[in-house]
Amino acid sequence: MDFSIDSEQKALRDAVRELASRHAPQHGQGDAPVGPATHDADTWSALAEVGALGLPYPEDAGGFGASAVEVAVVASELGRAGVLTAYAESLVAGSLLAQAGHELLGDLTEGSALVVPALAEPGRAWSLASSSVQAEDSTLTGRKGPVPYADAASHVIVPATEDGALALYLVESPTVENGHVVLDSTKATRLLDASATAGALAQAVNLGTVALCAEALGTMDAATTMTVEYLKTRKQFGVPLMTFQTLTQRAADMYVSLELARSTVQFAAMAIADNPEDSATVSRTKVVTGQSGRHIGQEAIQLHGGIGMTAEYAVGHLTTRLTAIERTYGDTRQHLAALAAGLSDHGQVDVLA
Amino acid sequence: MDFSIDSEQKALRDAVRELASRHAPQHGQGDAPVGPATHDADTWSALAEVGALGLPYPEDAGGFGASAVEVAVVASELGRAGVLTAYAESLVAGSLLAQAGHELLGDLTEGSALVVPALAEPGRAWSLASSSVQAEDSTLTGRKGPVPYADAASHVIVPATEDGALALYLVESPTVENGHVVLDSTKATRLLDASATAGALAQAVNLGTVALCAEALGTMDAATTMTVEYLKTRKQFGVPLMTFQTLTQRAADMYVSLELARSTVQFAAMAIADNPEDSATVSRTKVVTGQSGRHIGQEAIQLHGGIGMTAEYAVGHLTTRLTAIERTYGDTRQHLAALAAGLSDHGQVDVLA
Amino acid sequence: MQRRLSPDDAAFQQRMRTYFTTEFPADLRERWSAGGEPDPEVIRAAQRRLHEDGLAVPHWPAEYGGQDWTMLQRHIYLQEMQAASVPPPLAFNANMVGPVIAAFGSQEQKDRFLPPTASLDIWWCQGFSEPDAGSDLASLRTTAVKDGDEWVVNGQKTWTTLGQHADWIFALVRTDPDAPKKQMGISFLLIEMSSPGVTVRPIQLIDGGHEVNEVFFDNVRVPADQLVGEENKGWDYAKFLLGNERVGVAPVGSIKRRLAEAKEWAGTVSTDDGTLLDDPLLAARIAELECQVLALELTVLRVAANSREGKPDPASSILKLRGSQLQQDVLELVVDIAGPAGLRWDDTSWEGLAAPTYLNFRKASIYGGSNEVQRQVISSGILGLRG
Amino acid sequence: MQRRLSPDDAAFQQRMRTYFTTEFPADLRERWSAGGEPDPEVIRAAQRRLHEDGLAVPHWPAEYGGQDWTMLQRHIYLQEMQAASVPPPLAFNANMVGPVIAAFGSQEQKDRFLPPTASLDIWWCQGFSEPDAGSDLASLRTTAVKDGDEWVVNGQKTWTTLGQHADWIFALVRTDPDAPKKQMGISFLLIEMSSPGVTVRPIQLIDGGHEVNEVFFDNVRVPADQLVGEENKGWDYAKFLLGNERVGVAPVGSIKRRLAEAKEWAGTVSTDDGTLLDDPLLAARIAELECQVLALELTVLRVAANSREGKPDPASSILKLRGSQLQQDVLELVVDIAGPAGLRWDDTSWEGLAAPTYLNFRKASIYGGSNEVQRQVISSGILGLRG
């Protein structure tokens with residue numbers, strides 16, 4: 001058990017930090033983009049250039065043979081700078097391509113293909129267990145969405161029902177309407193059959209979830225830092241806000257939430273590097289990150305007051321992103337329910353193994 | 001909809017307040033009784049003398065023809081003074097006797113009989129739906145408990161299984177071991193048969209629960225008042241504690257919790273006076289009271305610091321009582337689950353009807 | 001104590017329900033119910049119609065459109081209006097500047113301003129907050145200097161909600177910079193937005209909307225008869241305006257409506273085992289919110305009956321504090337119900353509006369006196385905890 | 001970063017587990033595991049045994065019984081000890097006065113006190129808090145006045161945990177009443193409880209137990225060589241004592257054991273549909289607590305690796321704050337699992353101990369630096385928020 005990062009990981013962190021600061025959204029007087037991001041090809045190319053897109057895949061599959069630990073380093077820096085990208089989506093897709101041994105992975109890691117998974121469905125809660133898309137004769141019919149970054153994607157990966165079980169398909173140049181992928185006897189390539197799909201999806205989404213949690217960690221870190229800075233500099237009633245103990249005690253609680261999330265996210269990255277199927281650790285991390293993110297996101301705005309609500313100031317955008325992350329790849333309630341179903345599998349949660 | 005109390009109710013409140021202050025536990029240097037109460041015959045006689053024991057039953061059944069509103073007035077005053085009695089238990093029993101038309105109700109209201117319900121069972125969560133006690137030929141066999149005040153009770157009322165359904169029985173001079181009622185072919189009188197038992201139990205426990213919630217309200221009121229007083233008078237770092245905004249903001253939150261509970265408890269008393277079967281309102285009140293009671297009980301000790309932990313000081317005893325009330329007649333989780341099952345019965349919760 | 005409505009109040013409730021659900025224009029209700037950024041035309045049309053029917057400003061003096069209702073009746077009116085998704089009368093008019101002019105204005109001001117204020121022929125906005133003041137409202141810097149029969153106003157206001165639609169602004173301005181306390185020396189001034197020197201800059205919020213604005217005053221000349229009440233007494237009027245209401249402080253009806261909608265929506269989202277409404281954890285959370293909203297509504301009813309009308313009232317802080325918390329909790333629930341569908345924002349579906357609406361209402365615990373200020377009012381004003 | 005233990009650490013873990021679960025006397029573990037008021041004989045016997053086996057004071061200097069372990073190994077040791085319900089070495093000896101004497105005491109004091117402190121042949125208690133001080137420890141009033149070769153002590157201490165069993169007390173006393181700051185002029189004095197003039201009065205807590213005491217000093221004469229370190233530097237030693245540990249501040253192992261027990265207990269309580277462990281709301285709450293305990297344990301491990309040993313350390317405040325909160329949350333869960341059975345208190349069943357134990361541990365967020373003090377340390381010591 002070792003939480004320290006090595007010199008290569010430090011170099012990666014520094015490179016991505018520099019990259020992220022260059023591509024960070026510019027706020028200031030006037031309107032700014034709000035809400036879900038659109039794909040930015042420049043940022044994406046820059047990520048490809050530093051090798052961030054291929055980190056966790058084996059070298060023989062077209063990746064760089066690093067692990068989820070490096071992925072978390074990258075995602076945290078993106079989160080800290082408020083840079084919104086399809087990083088988590090690309091990781092889910094990449095993991096699936098790698099598990100299928102598909103050659104598209106090379107294009108993905110180079111950034112020339114943007115591949116995203118199409119997992120959500122209209123009118124349905126988050127679930128990996130079923131899909132209303134039907135597969136027949138290498139064609140798919142049905143509707144998936146909303147699919148983040150579908151508009152910009154060169155390919156999507158779609159779980160589809162085939163003979164009553166789930167299989168995974170790759171669709172090139174998908175038809176997208178209002179963020180939804182529309183499939184109407186659409187030609188598709190089968191990536192994985194029913195025997196491999198559930199396990200592959202679980203592993204891929206574990207990786208994507210850890211990336212999201214790491215992004216959330218960076219986002220929380222930035223929100224906490226900005227809030228502390230604001231309390232130090234902003235004056236009210238003639239004195240700095242940090243004179244008000246009721247505010248500083250709440251900042252202390254934010255910091256505690258942040259540090260708990262930090263430990264858990266770093267551990268989760270190590271855990272799935274060690275065992276990609278460790279969904280229980282991923283669920284616990286999603287719960288801790290979700291709760292810390294909600295706490296920090298809400299308090300960051302509240303302690304800033306009105307300025308925190310504005311698109312001209314960064315902190316509200318961080319809360320926006322934390323809000324979205326908590327509802328991506330299963331929300332806190334769903335991960336708790338999954339963990340509750342497995343309570344009897346263990347006495348204590350073992351960390352030191 | 002009217003929350004004001006009339007002059008008779010005021011007179012009752014003043015009489016019970018005076019009584020309660022006379023019978024309130026005396027704290028001070030040295031040991032004090034802690035935890036669950038034992039029956040105090042003097043306090044009980046005093047309650048009988050002011051008519052508190054017979055309030056909610058019809059006059060023709062041996063009661064005083066008042067309602068749950070008056071019961072709540074009495075219970076709140078007992079709670080405020082920290083006087084622990086079998087009031088809620090006696091109300092559950094009395095309601096059952098009244099519904100059965102049993103003559104023992106007269107002795108109960110006079111205080112000459114102490115009748116309590118035996119509802120809990122070893123190894124079983126709170127439930128009114130079943131009983132492992134078996135009824136056969138007017139005898140009961142099985143074990144109930146712990147039964148608060150069983151040691152002092154002249155009679156207990158026991159739900160028992162008879163031909164696969166629940167019926168209610170009255171047992172005189174019960175055998176009690178370690179607070180549990182032990183029945184071994186014990187002679188018993190049937191109060192209500194299977195057709196009437198479930199409804200009667202629900203009504204009776206509704207009444208007892210409102211009394212408990214009203215007691216909790218008085219308890220919270222006292223705990224909040226003591227905490228505010230402590231913040232005003234206690235000095236630290238050379239200044240009164242109320243100089244610390246982080247403490248006064250928390251006192252404000254305690255007060256909000258108290259006032260929310262006050263409105264809800266008073267409404268619940270009116271609601272079951274109007275419709276004794278309104279279990280949804282009772283469950284909502286139990287939830288609000290449970291949450292407010294936990295919040296206020298925990299904060300009262302925390303804001304007092306060490307002194308709040310001692311048996312020499314009243315506030316910790318108030319927290320002890322709030323802790324017990326939250327787990328009596330179903331805890332917050334169970335009442336929430338019951339309400340969750342009924343969500344589709346209504347669009348909004350209607351108050352103004 | 002009495003749980004039931006009296007026959008009179010029950011009849012009143014029925015009358016309100018009938019009016020709001022059958023007589024009031026359904027298209028206005030639908031456009032309001034859809035959510036998203038408020039449409040000024042909907043607000044205008046709704047208030048005109050309410051005013052025609054005597055229901056825009058029932059708590060005003062009778063001669064200017066008021067009704068002689070009890071506090072309970074005012075609660076019923078609000079509850080039924082919100083339950084039916086009727087756009088409420090503009091708060092700046094009906095609950096802020098109107099009552100101030102009615103209580104402290106000259107007869108000329110009343111006659112000039114109250115009728116168009118009630119009918120929304122004048123749209124008012126509020127000029128209280130300033131960039132460097134925040135919760136410390138009294139340290140405002142916008143000045144008004146007397147010059148003959150006019151005041152010359154210079155300075156800047158911010159967080160001016162819907163100011164871009166407004167015809168007039170009621171503003172706190174410093175008229176005596178030498179007053180011994182900062183709360184003294186402030187006056188309450190009515191300023192036409194079309195006056196030369198007034199500039200409005202909309203501020204974008206994190207949900208993308210533009211409901212608040214900065215308002216700049218550059219040598220704006222304001223006729224002296226537009227100062228309300230006494231010179232340098234503006235702080236008293238502002239306190240009156242911010243704290244004199246117990247009814248309507250907590251948007252109970254809106255919260256209840258949204259919670260009922262949330263249940264409906266949860267019933268439409270399928271899960272592997274049924275719908276979200278069958279999920280025990282989600283259902284328990286909804287049940288808990290119903291308990292808490294009940295407690296809030298009952299508290300509104302209970303304290304409203306003992307209202308000290310016309311005076312700043314710390315009990316209203318309980319309602320403001322808890323009302324904003326519960327409103328935020330219910331909107332957060334909706335984001336969870338929307339789930340993955342809420343990751344895409346749009347202006348038309350409940351899922352697409354869920355996250356921006358939740359984010360927008362983080363303002364509820366900041367604007368109009370932050371939750372921290374409300375706790376301060378409770379601890380000092382009710383509990384007597386003075387640090 | 002590396003998730004797995006190194007082979008060395010894994011072997012160490014196995015060695016500790018084997019020792020605590022098979023070599024350490026089972027009867028002591030059972031008597032400790034039963035809960036309720038601590039039995040001094042169990043504590044004495046356990047620490048003697050641990051000391052014999054070199055496991056009572058592993059973080060002390062090697063010459064006095066310490067082991068040259070890493071922070072991770074110390075965490076593993078504590079975790080395995082707590083998981084096996086082994087009574088931990090008395091904190092006043094092992095974690096408080098021992099390290100202070102080791103760091104600041106004279107060689108004579110080390111030789112005289114450290115061996116019996118490690119073996120619990122001296123049972124120490126703590127004389128810091130006073131009735132009128134509370135969180136403002138530095139305003140203590142107990143005085144020590146030099147008289148020849150002795151200090152004469154007068155005053156009163158309170159919240160002295162297990163003081164009724166103690167042989168010695170380490171006390172903060174005011175030796176210079178004229179010091180310019182109240183933190184100056186305090187000394188750290190070792191006093192034998194059998195000295196004439198020392199009186200102990202146990203204080204009953206709300207769970208009925210008597211684990212804390214008042215200690216009165218009436219002209220108690222203390223030899224001058226029982227003053228630790230420098231005169232008037234006692235405040236520094238107290239700060240060292242209260243804040244120099246990251247490992248062991250949060251009782252992670254105990255919390256985990258209790259949570260695992262809670263699951264077992266929940267599985268024995270039948271409901272209308274199965275057991276409490278099948279109840280979705282209760283199960284989700286347990287799962288949530290497991291997540292939070294995991295986050296705490298990982299934080300202990302992460303920050304322990306960067307420990308600034310020997311200096312007051314604000315990171316330990318995170319662990320103290322969150323450790324006490326989670327301990328309280330888990331004990332509250334047990335009260336809910338006990339349900340109606342917990343309404344009767346007894347000393348023998350888990351149900352009967354549930355409520356008094358929960359109530360007893362409300363102290364965890366008050367004693368040893370309240371949660372408010374910990375937040376203050378975090379906000380000023382880590383975040384630099386100085387009001």
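In the text below, chain A, chain B and the rest are named by the order of the sequence lines, each starting its count at 1.
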Counting heavy-atom pairs under 4.5 Å with chain D, the top scorer among B:Leu247, B:Leu336, B:Ile301, B:Thr332 is B:Ile301
Step by step, work out the side-chain contact (heavy atoms from CB on, under 4.5 Å) result for B:Gln334 and D:Asp279.
CA-CA 10 Å; B:Gln334 290 178 294; D:Asp279 181 275; over 6 Å; no
Look only at the side chain of D:Ser270 and the backbone of B:Gly123, and say whether a donor-acceptor pair between them is shorter than 3.5 Å.
yes
Side chain, backbone, both or neither of D:Pro280 within contact of chain B (heavy atoms, under 4.5 Å):
neither
Strictly by modelled atom types, are D:Gln204 and B:Thr310 linked by a side-chain donor-acceptor pair under 3.5 Å?
no
Using 0.5 Å steps for rounding, measure from the CD1 atom of D:Ile366 to the CG atom of B:Leu303.
9.0 Å
Of the listed residues (B:His304, B:Lys235, B:Glu312), which shares the most heavy-atom pairs with chain D below a 4.5 Å separation?
B:Glu312
Proximal component of D:Trp159, with respect to chain B [non-hydrogen, under 4.5 Å]:
side chain
As a quick check of understanding, evaluate side-chain contact (heavy atoms from CB on, under 4.5 Å) for B:Thr323 and D:Val335, giving each step before the final call.
CA-CA 9 Å; B:Thr323 304; D:Val335 184; 4.2 Å; yes
Please say whether more than 12 non-hydrogen atoms of neighbouring residues, nucleotides or ligands are located less than 6.0 Å from CG in D:Asp347.
no
To check you understand the geometry: which heavy-atom pair defines the closest contact between B:Met309 and D:Leu359, and what is its length?
CE-O, 3.4 Å
Counting heavy-atom pairs under 4.5 Å with chain D, the top scorer among B:Ala324, B:Gly179, B:Gly30 is B:Gly179
Which atoms of D:Glu332 approach chain B - backbone, side chain, both or neither, heavy atom under 4.5 Å:
both
Show your reasoning for whether side-chain contact (heavy atoms from CB on, under 4.5 Å) applies to B:Val34 and D:Trp345.
CA-CA 10 Å; B:Val34 298; D:Trp345 291 15; 4.0 Å; yes
Under a 4.5 Å heavy-atom cutoff, which of B:Gly308, B:Pro146, B:Ala120 has the most pairs with chain D?
B:Pro146
Interface moiety of D:Leu276 toward chain B, non-hydrogen atoms closer than 4.5 Å
side chain
Go through the atoms of B:Thr320 and report whether side chain, backbone, both or neither lie under 4.5 Å from a heavy atom of chain D.
both
Between D:Ile337 and chain B, with a heavy-atom cut-off of 4.5 Å, which part of the residue counts as in contact: side chain, backbone, both or neither?
neither
Under 4.5 Å from any heavy atom of chain B - which part of D:Asp346:
neither
When rounded to the nearest 0.5 Å, the distance separating CZ of B:Phe237 from NZ of D:Lys182 is 6.0 Å
Considering only heavy atoms, which portion of B:Asp331 lies under 4.5 Å from any heavy atom of chain D: side chain, backbone, both, or neither?
side chain
Any idea which of D:Val212, D:Leu343, D:Leu281, D:Leu282 has the most non-hydrogen atom pairs under 4.5 angstrom with chain B?
D:Leu343
D:Lys363, D:Arg201, D:Glu351: which one forms the most heavy-atom pairs within less than 4.5 Å of chain B?
D:Arg201
If I compare all heavy atoms of D:Ser365 with all of B:Gln302, which pair ends up nearest, and what's the gap?
OG-OE1, 2.6 Å
Step by step, work out the side-chain contact (heavy atoms from CB on, under 4.5 Å) result for D:Thr271 and B:Arg124.
CA-CA 6 Å; D:Thr271 65; B:Arg124 202 192 60 174; over 6 Å; no
Smallest heavy-atom separation, B:Ala129 atom then D:Asp272 atom, equals CB-OD2, 3.6 Å
Sub-4.5 Å side-chain heavy-atom contact between B:Asn178 and D:Arg344
yes
Under the criterion salt bridge (Lys or Arg N to Asp or Glu O under 4.0 Å), I'd like the reasoning laid out for B:Arg250 against D:Glu372: C-alpha separation, chi angles, the key distance, then a yes or no.
CA-CA 12 Å; B:Arg250 285 162 65 179; D:Glu372 291 71 35; 2.7 Å; yes
If we count only N and O atoms by modelled type, under 3.5 Å, do the side chains of B:Gln298 and D:Gln328 hold a donor and an acceptor together?
no
From the list B:Gln236, B:Arg294, B:Glu326, the residue making the most non-hydrogen contacts under 4.5 Å with chain D is B:Gln236
Under a 4.5 Å heavy-atom cut-off, does chain B meet the side chain of D:Arg285, its backbone, both or neither?
neither
Honestly, the part of B:Ala32 sitting under 4.5 Å from a heavy atom of chain D is both
Are any of the side-chain nitrogens in D:Asp336 or B:Arg327 under 4.0 Å away from the carboxylate oxygens of its partner?
yes
